[in-house]
Amino acid sequence: MDKHILKQLYESYSREIFLYLFSLCHSVSTAEDLMQETFLKAILSLSKDHTNMRGWLYLVARNLYFNYRKKHKMEVFYETTEPSVSEQEILDQIVQDDKKRMLYQAMNQMDERKREVLVLQYFSGMSQKQIAATLNLSPENVRILAYRGKRELRRIMEGNGYDLS
């Protein structure tokens, strides 16, 4: 793969891939490691004629996360310590405005599958068709999960006192 293309891919998608991985593993260091590994796989195996590089990166990132989780025999790892200042700065840059930050915090209280669909939809801006391809689901299943996830998200946010008007 051309170094220029890889650099452009990294600049375009590294933040959203990191956020996606962080939403899955809740560990800054693990998300960073998996993100780097995702782009390493891009160097080694992505063909030049691949049409949906962004979707492919998400698919690779997701597979790497599930391989990591299986290898470490863990359900979901949550960091028990507060993030360091530099880690918090990274998260603040990624999730810049307060509404998205509140949304992200509420989404972390949801089950993994609905959260994953909503993270891809809200933070990555993927269409339901793209999400379906990435998660290996039917578009109808993604639509249903997104609907149920939004409904659950609304209940969580209202329950936490967020004003949704």
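Just so you know, these numbers use all the heavy atoms, side chains as well, and skip hydrogens, waters and symmetry mates.
Using a cut-off of 4.0 Å between Lys/Arg side-chain N and Asp/Glu carboxylate O, R154 and E158 are scored as salt-bridged. With respect to the salt-bridge test (charged N to carboxylate O, under 4.0 angstrom), the residues E152 and R155 do not qualify.
When every heavy atom of T30 is checked against every heavy atom of S27, the shortest pair comes out as OG1-OG, 3.0 Å. In terms of heavy-atom proximity, P139 sits nearest to Q128 at O-OE1, 4.5 Å. Nearest heavy atoms, V119 versus M107: N-CE, 3.2 Å. Taking each heavy atom of F39 and Y10 in turn, the nearest pair found is CE2-CA, 3.5 Å. Nearest heavy-atom pair, M110 versus G149, reported as atom, atom and distance to 0.1 Å: CE-O, 3.3 Å. Nearest heavy-atom pair, C25 versus A31, reported as atom, atom and distance to 0.1 Å: SG-N, 3.7 Å.
Taking the side chain as every heavy atom from C-beta outward, L137 and L145 approach each other to under 4.5 Å. Using a 4.5 Å cut-off on side-chain heavy atoms (C-beta onward), F18 and V28 make contact. The shortest side-chain heavy-atom distance between Y68 and L64 does not fall under the 4.5 Å cut-off. E116 has its side chain within reach of R62: a pair of non-hydrogen atoms, C-beta onward, lies under 4.5 Å apart. Looking only at side-chain heavy atoms (C-beta outward), F22 and E32 stay at 4.5 Å or farther from each other. L135 is listed as a side-chain neighbour of R113, based on a closest heavy-atom distance under 4.5 Å. Under the 4.5 Å side-chain criterion, counting only non-hydrogen atoms from C-beta, S14 is in contact with M35. Residues Y58 and M126 have side chains in contact (heavy-atom distance under 4.5 Å, counting atoms from C-beta outward).
Both I156 and L118 belong to a common hydrophobic cluster when Ile, Leu, Val, Met, Phe, Trp and Tyr are linked at side-chain heavy-atom distances under 4.5 angstrom. Hydrophobic clustering, with ILVMFWY side chains joined whenever heavy atoms are under 4.5 angstrom apart, groups L21 together with F66.
Side-chain N or O atoms of E16 include none that pairs as donor or acceptor with a backbone N or O of Y13 at under 3.5 Å.
Atom OH of Y147 has 12 or fewer neighbouring heavy atoms from other residues, nucleotides or ligands inside a 6.0 Å radius.
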